[in-house]
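Below you'll find the structure, written out as structure tokens, and then a few comments.
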There are 2 protein chains.
Amino acid sequence: MDSAKILSQHNIKPSIIRVMIYDFVKNTKSHPTVDEIYKHLQPMAPTLSRTTVYNSVKLFASSGLFKALSIDGIQIRYDADIGHHGHFRCEECDRVFDFKIHEDAESGLDGFDITKREIFYSGSCIECKSKN
Amino acid sequence: MDSAKILSQHNIKPSIIRVMIYDFVKNTKSHPTVDEIYKHLQPMAPTLSRTTVYNSVKLFASSGLFKALSIDGIQIRYDADIGHHGHFRCEECDRVFDFKIHEDAESGLDGFDITKREIFYSGSCIECKSKN
DNA sequence: TTACAAAATTGTAATAATTACAACTCTGTA
DNA sequence: TACAGAGTTGTAATTATTACAATTTTGTAA
């Protein structure tokens, strides 16, 4: 669907920059950081400010369009795929891979209201592993 | 077991401050941050430096004694419980709860070498939920 | 005990991500 | 065209973390 329409449906005015930010995160598998978003879009939108990127991704996250991930514990990354899935970060090549969760039973949270679930693994990906 | 012995077994010299840091994290359910560790121990050890706390928790983490958690995406928290369990953070009262994981099947990571697993949920805890 | 090397600890300064905020620009409508 | 409100920008402040050199402590051998 048209990105501008998606934003409108969430009561967010689809300004050019917002649509650009939304599209970039949506089409980028690696779940970019604010800095990566800024560096990628800045050549096309020379007056773009980092603050605008921060404002926009926070707005999207609070509207449920993005999930904020703390994959590496250093920077916050943004993911436009809202479905429940895990993230694996390879510590050698630094790439982030999505994976599916099949089952996920927990105990100790009876009566709790769970609104956000994040599954984060790390180690070596299959390519880096075979190099060693 | 004696904390000093545990450190020794991991080839870490059990200096007084290191043992204090280890004990505090081990006995604190909330998985403290470096700042919380520092603020708690500083009155007892007036010359304590934040750098020492950073050095120590990093040392413990690299030796497998601690797990580094990025629970809130802002600060890194440390956990002396190495077993596989999840963390739930209540967004209202900011407390962190541990919970057990029963099953945990994933697909898409065949051939990957997984060295670290972190499960992080958030929402409202049972107490805050009943207040509303 | 003394001397000395190695390890641990400390404090300051630098770095980097994020936030606060005031000024400026754009958009839509009367 | 005028104006209000929303959006965007840039600078400065804040905060967590790291780098690093100086100082202190520890363990060991003379």
Side-chain angles (χ1 to χ4, degrees), chain A residues 3-4 7-8 10-25 30-63 65-78 89 94, chain B residues 3-4 7-8 10-25 30-63 65-78 89 94:
Chain A
S3 295
L7 297 196
S8 294
H10 286 78
N11 294 317
I12 296 171
K13 276 199 189 172
S15 72
I16 294 174
I17 292 171
R18 284 177 176 169
V19 172
M20 285 172 79
I21 292 170
Y22 180 78
D23 276 340
F24 178 59
V25 174
S30 63
H31 312 312
T33 63
V34 163
D35 200 58
E36 286 162 0
I37 299 168
Y38 175 78
K39 291 223 174 89
H40 182 261
L41 296 181
Q42 204 273 335
M44 293 170 251
T47 70
L48 180 63
S49 159
R50 272 192 174 76
T51 305
T52 299
V53 182
Y54 276 107
N55 288 342
S56 300
V57 295
K58 282 206 160 186
L59 181 64
F60 295 162
S62 70
S63 303
L65 277 169
F66 281 4
K67 272 205 296 191
L69 312 173
S70 50
I71 288 180
D72 48 17
I74 298 164
Q75 269 186 309
I76 297 172
R77 294 176 170 275
Y78 290 89
R89 176 168 152 269
D94 248 18
Chain B
S3 295
L7 297 195
S8 294
H10 286 79
N11 294 317
I12 296 171
K13 279 197 188 172
S15 72
I16 295 173
I17 291 171
R18 283 176 176 170
V19 172
M20 285 171 80
I21 292 170
Y22 180 78
D23 277 340
F24 178 60
V25 174
S30 63
H31 313 311
T33 62
V34 163
D35 200 58
E36 286 163 359
I37 298 168
Y38 175 78
K39 291 222 173 89
H40 182 260
L41 297 181
Q42 203 273 334
M44 292 170 251
T47 69
L48 179 63
S49 159
R50 273 192 174 75
T51 305
T52 300
V53 182
Y54 276 107
N55 288 341
S56 301
V57 294
K58 281 206 161 186
L59 181 63
F60 296 162
S62 70
S63 302
L65 277 168
F66 280 4
K67 271 204 297 191
L69 312 173
S70 49
I71 288 180
D72 50 16
I74 299 164
Q75 269 186 308
I76 297 171
R77 294 176 170 276
Y78 289 89
R89 176 166 154 271
D94 249 17

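These numbers come from a predicted model, not from an experiment. To find a chain, count down the sequence lines: A is the first, B the second, and so on, and within it residues start at 1.
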- For DNA chain C, whose closest nucleotide is more 5', that of B:Ser49 or that of B:Ile12?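 Nearer the 5' end of the strand: B:Ile12.
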- Query: According to the interplanar angle, ranging from 0 to 90°, do the rings of A:Phe60 and A:Tyr22 count as parallel (below 30°), tilted (30 to 60°) or perpendicular (above 60°)?
  - Reply: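 Judged by the thresholds at 30° and 60°, the geometry between A:Phe60 and A:Tyr22 is perpendicular.
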Round to a whole Å and report the spacing from [atom1] of [X] to [atom2] of [N].
| X | N | atom1 | atom2 | answer |
| --- | --- | --- | --- | --- |
| B:Lys58 | C:dT9 | NZ | C1' | 17 Å |
| B:Asn11 | C:dA8 | CG | P | 11 Å |
| B:Leu48 | D:dT24 | CG | P | 17 Å |
| B:Arg50 | C:dA13 | CZ | P | 16 Å |
| A:Asp35 | C:dA16 | CG | C1' | 9 Å |
| B:Gln75 | D:dT14 | CD | C1' | 13 Å |
| A:Ile37 | C:dA17 | CD1 | P | 13 Å |
| A:Asn55 | D:dG10 | CG | P | 13 Å |

- Query: For B:Arg18, which contact category applies under a 4.0 Å heavy-atom criterion: base, sugar-phosphate, or nothing?
  - Reply: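 Contact class for B:Arg18: sugar-phosphate only.
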- Under 4.0 angstrom, heavy atoms only, what part of the nucleic acid is A:Thr52 near: base, sugar-phosphate, or nothing?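 Base: the residue A:Thr52, judged by heavy atoms under 4.0 Å, touches a nucleobase.
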- Could you please spell out the steps behind the side chain to side chain contact (heavy atoms under 4.5 Å, CB included) verdict for B:Ile12 and B:Leu65? CA-CA 10 Å; B:Ile12 296 171; B:Leu65 277 168; 3.9 Å; yes
- Message: Testing the basics here: between A:Arg77 and A:Glu36, what is the closest heavy-atom pair and its distance to 0.1 Å?
- Response: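 Where A:Arg77 meets A:Glu36 most closely, the heavy atoms are NH1-OE1, 3.5 Å.
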- Query: What are the two closest non-hydrogen atoms of B:Phe24 and B:Ile37, and how far apart are they?
  - Reply: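 That would be CE2-CA, 3.7 Å.
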- Does OP1 or OP2 of D:dT9 have a side-chain N or O of A:Thr47 closer than 4.0 Å?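 Looking at the OP1 and OP2 atoms of D:dT9, one of them is under 4.0 Å from a side-chain N or O of A:Thr47.
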- Within the pair B:Ser15 and C:dA7, is there a side-chain N or O less than 4.0 Å away from OP1 or OP2?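 For B:Ser15, the contact criterion (side-chain N or O under 4.0 Å from OP1 or OP2 of C:dA7) is not met.
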- Looking at the side chain of A:Thr51, which of C:dC21, D:dT17, C:dA17 is the nearest nucleotide?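 For the A:Thr51 side chain, the nearest candidate turns out to be C:dC21.
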- Item | Side chain of B:Ile17 (C-beta onward), nearest among C:dT18, D:dT9, C:dT10 |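 Selected nucleotide: C:dT10.
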- Query: On DNA chain D, nearest-nucleotide positions of A:Ala45 versus B:Lys13: which is more 5'?
  - Reply: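 It is A:Ala45 whose nearest nucleotide is closer to the 5' end.
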- Query: To the nearest 0.5 Å, how far apart are CG in A:Leu48 and CD1 in A:Ile16?
  - Reply: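 That separation rounds to 12.0 Å.
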